[in-house]
J.: 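Sharing a structure here in structure tokens format.
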Amino acid sequence: MTANILFAGRPDGWPAYEPLLKAELARLGVDADLRNDFAPEDVDYIVYAPSGPISDFTPFTRLKAVLSMWAGVEKIVPNKSLTVPLTRMVDTGLEQGMTEWVVGHTLRYHLGMDAHIHGQNGHWEPQAPPLARDRCVTVLGLGALGTASARALAALGFQVSGWSRSQKEINGVTCHAGADGLKAALAQADIVILLLPDTPATENTLNAETLAMLPKGAKIINPGRGPLIDDDALLAALGSGRIGHATLDVFRVEPLPPEHPYWAHPNVTVTPHIASETRESTAAEVIAENIRRNEAGEPLLHLVDRSLGY
Ligand code: NAP
């Protein structure tokens with residue numbers, strides 16, 4: 001039987017996704033009808049983004065699964081009208097983009113690039129940076145994006161540690177897990193990268209207590225989600241010099257309000273949630289493959305555990 005697929009991402013994404021998804025579904029031999037305007041009771045699958053038109057899933061009475069185009073699912077997980085399986089986006093484009101962004105911002109700190117970019121007022125003060133092997137970098141969250149970033153940093157020679165809920169084994173990365181592991185992961189970190197999901201358990205992972213576990217002057221890079229950091233605690237730690245600098249891509253309120261102290265802070269770099277985005281061509285492959293799997297009775301990839309929130 002033909003699977004009816006409703007595209008419910010941002011309307012301006014439809015022209016790019018329509019041909020790619022149709023081609024990928026055809027390539028995989030999935031008998032499917034893809035549209036952006038089905039009657040709810042006829043829909044089998046929803047290709048979903050929180051920026052799209054759907055917030056109530058109740059009218060979708062024959063729905064089999066919802067496939068999120070976003071990696072972070074904190075906006076849809078609490079939606080009680082969604083009762084079918086939910087998958088999140090894991091794809092090579094997202095991983096590549098995040099790895100490049102994380103490596104770039106880590107190298108900025110590691111090499112001390114700002115001193116030269118902003119000029120040294122005519123002072124010739126040669127001071128070569130240390131080698132990566134003398135720099136400790138910690139990645140909080142060792143999922144798809146954290147693991148890809150940690151691997152790339154380890155390949156550059158950094159001393160990389162990581163932290164996750166369950167214990168991991170990653171070549172070249174010292175892996176810690178659970179509540180006790182956080183202290184060990186932070187203790188040596190010159191640079192901390194947050195790639196955790198936004199869940200009740202990860203809110204304020206960096207707070208006054210955990211910021212105090214870091215070496216003085218540590219740098220923070222947050223491409224994960226805004227609620228992972230207690231903003232007041234970070235501002236206090238930046239003010240005291242306990243934290244040297246923060247590069248923040250994500251915020252509790254986005255766009256970051258113009259009056260927010262992060263904008264003007266001399267030791268904060270704000271980027272507007274651009275660390276990595278879902279790329280249509282690689283995302284279409286994952287979405288089509290998941291629909292093929294479900295239609296064939298095979299397990300869905302990247303299923304969200306809604307009790308954990310990610
Ligand atoms: P993922 O594969 O689900 O990985 C999440 C990682 O966090 C896992 O290693 C998980 O541990 C760990 N974790 C979850 N709860 C934890 C807890 N309570 N304590 C310790 N570790 C915990 O997610 P992903 O694909 O790597 O993406 C990570 C996040 O990046 C997304 O949720 C999204 O918010 C963000 N993101 C941002 C952008 C951007 O442009 N800024 C783009 C894409 C994604 P286990 O491995 O043990 O499960």
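First listed ligand is number 1; within each ligand, the first listed atom is number 1.
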J.: What does the 4.0 Å heavy-atom contact list look like for ligand 1?
T.: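 Ligand 1 is contacted, at a heavy-atom distance under 4.0 Å, by A71, G72, R88, L94, M98, G141, L142, G143, A144, L145, G146, W163, S164, R165, S166, K168, L195, L196, P197, A201, T202, P223, G224, R225, D249, V250, H273, A275, S276, Y310.
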J.: Show which side-chain atoms of residues 59-68 pair as donor or acceptor with protein atoms under 3.5 Å away, not counting sequence neighbours.
T.:
{"residue": "R62", "atom": "NE", "partner": "D44", "partner atom": "OD1", "Å": "3.0"}
{"residue": "R62", "atom": "NH2", "partner": "D44", "partner atom": "OD1", "Å": "3.4"}
{"residue": "R62", "atom": "NH2", "partner": "D44", "partner atom": "OD2", "Å": "2.9"}
{"residue": "K64", "atom": "NZ", "partner": "E295", "partner atom": "OE2", "Å": "2.9"}
{"residue": "S68", "atom": "OG", "partner": "W70", "partner atom": "N", "Å": "3.0"}
{"residue": "S68", "atom": "OG", "partner": "W70", "partner atom": "O", "Å": "3.0"}

J.: Any luck finding a side-chain donor-acceptor pair between T2 and D33 under 3.5 Å?
T.: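 Distance-only check fails for T2 and D33.
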J.: Does D231 pair with R252 as a salt bridge, N-O distance under 4.0 Å?
T.: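 Yes.
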J.: With sequence neighbours excluded, what pairs up with D91 under the side chain to side chain donor-acceptor pair (under 3.5 Å) test?
T.: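 Expected list: T282.
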J.: Tell me which pairs pass side chain to side chain donor-acceptor pair (under 3.5 Å) where either residue lies in residues 144-158, with sequence neighbours left out.
T.: none
J.: Could you walk me through whether H110 and R135 pass side-chain hydrogen bond (donor to acceptor under 3.5 Å, both in side chains), step by step?
T.: CA-CA 8 Å; H110 170 61; R135 185 82 73 188; 3.0 Å; yes
